[in-house]
Number of protein chains: 2
Amino acid sequence: MRAALTRENIVKVADNLFYQQGFEHTSFADIAKEVRISRGNFYYHFRTKDEILDAVIEKRLSDRMMIMEKWEIEGDLPQDRIRYFISILLTNSCKIKQYGCPIGTLTSELAKLNHHAAKDACELFTIFRVWLRRQFEQAGHKAKADEYALHVLAHSQGVATLANAFHDDAFINREVENLIAWLNDLPKSKVT
Amino acid sequence: MRAALTRENIVKVADNLFYQQGFEHTSFADIAKEVRISRGNFYYHFRTKDEILDAVIEKRLSDRMMIMEKWEIEGDLPQDRIRYFISILLTNSCKIKQYGCPIGTLTSELAKLNHHAAKDACELFTIFRVWLRRQFEQAGHKAKADEYALHVLAHSQGVATLANAFHDDAFINREVENLIAWLNDLPKSKVT
DNA sequence: GTCTATACGCGGATAGAC
DNA sequence: GTCTATCCGCGTATAGAC
């Protein structure tokens with residue numbers, strides 16, 4: 001297999017394992033086993049574990065940006081696009097119940113490890129924050145766009161954390177409805 | 001020093017280190033160093049790391065129950081008591097910005113480790129859930145007491161996670177105000 | 001109860017053959 | 001590019017002296 005493909009594969013597997021088991025708890029052996037290459041070969045592609053982490057964060061960033069671009073195209077109104085974001089909680093509910101939010105749990109873990117990549121991981125939150133802010137601005141909430149963006153992010157994070165603890169679908173559905181109701185009830189905007 | 005005191009000390013130090021560095025990332029050596037006992041002596045008090053974890057969870061449970069009892073005594077109205085809970089975000093904001101919520105981050109970590117104590121850690125959420133539910137019931141929100149309890153828990157968790165990522169005091173203050181405004185705006189109850 | 005010494009496995013990382 | 005062999009340090013855990 002060509003190097004680029006193997007590398008891509010390693011990052012993909014590492015992405016999943018870091019999500020499911022945590023960064024520190026995932027060993028080279030775990031990744032190598034699932035990619036079906038030897039541990040030695042591994043080092044041809046990545047010299048340190050931190051390099052893999054960097055690549056995983058990079059991949060997550062580009063994955064999320066692609067999703068947001070898709071929402072941008074598919075959603076006519078900014079409100080629709082924000083609803084797409086909120087709906088991740090439903091479409092990914094199965095994984096969230098098992099492993100929590102991939103972004104929130106990674107940033108939490110790296111913060112505790114005092115890892116140099118912690119701030120890169122926070123960038124994952126930032127790109128959503130900026131994107132949501134733009135949606136709220138376009139919906140006419142110029143002054144409060146950033147506040148609203150953070151509110152949506154925070155609420156989603158909280159739902160993910162408790163969903164992980166209690167595995168309660170009814171709770172997730174209810175909170176998604178609450179958040180969408182909050183969105184619909186925002187003071188009327190000047191433009192539509 | 002008497003054994004009970006040393007043991008108590010170990011649990012106290014472990015509690016802090018598990019919070020600040022994470023459970024897995026904290027080694028026996030870390031704890032022993034801070035307690036100022038040898039690693040060998042350690043095993044007189046706890047035979048495995050999991051035993052320490054159990055003791056830490058036990059301590060956290062009893063600590064939280066004592067806090068809630070205190071709130072129960074100090075707060076005249078159930079709404080006041082709920083506000084005490086929400087105010088943790090402000091009084092502990094400094095630590096939350098650095099390490100997140102002690103309960104949320106522990107349950108997330110243990111879930112990923114597939115650790116047998118994961119469900120014990122979730123009990124930490126449950127005792128708050130039950131306590132908050134009782135407050136909402138006493139405030140006359142019989143039918144929705146549990147929903148409201150989970151909503152408050154979820155919102156607090158989300159704020160803690162984002163506070164940890166962005167270290168933004170203004171955000172914390174704003175979201176605490178939002179949550180208290182939500183509390184005050186709940187449909188009027190039958191009893192006061 | 002507290003210590004030192006030590007066993008042992010695992011995870012990260014390297015060297016070098018093919 | 002992929003492999004095997006190997007090093008090394010750390011972390012958990014044990015044995016046994018004081």
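Lettering follows sequence order; numbering is per chain, from 1. The figures that follow rest on heavy atoms only: side chains count, while hydrogens, waters and symmetry mates do not.
- Using a 4.0 Å heavy-atom criterion, one finds that B:Ser27 contacts the sugar-phosphate atoms exclusively.
- When the side-chain hydrogen bond (donor to acceptor under 3.5 Å, both in side chains) test is applied to B:Gln20, no partner is found at least two apart in sequence or on another chain.
- Here the P atom of nucleotide C:dC10 and the CG atom of A:Asp30 are 12 Å apart, to the nearest Å.
- Judged as a side-chain hydrogen bond (donor to acceptor under 3.5 Å, both in side chains), and not counting sequence neighbours, the contacts of B:Asn184 are B:Arg83.
- Between A:Phe23 atom CZ and C:dG12 atom P there is a gap of 8 Å when expressed in whole angstrom units.
- Not counting sequence neighbours, the partners of B:Glu123 by the side-chain contact (heavy atoms from CB on, under 4.5 Å) test are B:Leu61, B:Thr126, B:Ile127.
- For B:Ile31 and D:dT12, the CD1 to P distance is 8 Å, given to the nearest whole Å.
- In this structure, the CD1 atom of A:Ile52 is 8 Å from the P atom of C:dG12, given to the nearest Å.
- In this entry the distance linking NE2 of A:His45 with C1' of C:dG12 reads 17 Å, nearest Å.
- Atom OH of B:Tyr44 is separated from atom C1' of D:dT12 by 21 Å (rounded to the nearest Å).
- Distance, B:Arg7 CZ to C:dT2 C1': 17 Å, rounded to whole Å.
- Here the C1' atom of nucleotide C:dA5 and the CZ atom of B:Phe42 are 18 Å apart, to the nearest Å.
- A:Glu34 is linked by a salt bridge (Lys or Arg N to Asp or Glu O under 4.0 Å) to nothing, counting only residues two or more places apart in sequence or in another chain.
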Report all interatomic pairs (protein N or O, nucleotide N or O of nucleotides 13-15 of chain D) with separations under 3.5 Å.
from	atom 1	to	atom 2	distance (Å)
D:dA13	OP2	B:Lys49	N	3.1
D:dA13	N7	B:Tyr43	OH	2.8

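- Within the structure, every pair that satisfies the side chain to side chain donor-acceptor pair (under 3.5 Å) test and touches residues 37-55 of chain B, not counting sequence neighbours, is listed here: B:Asp50-B:His115.
- Looking at every heavy atom in both residues, A:Phe18 comes nearest to A:Arg60 through CB-NH2, 4.1 Å.
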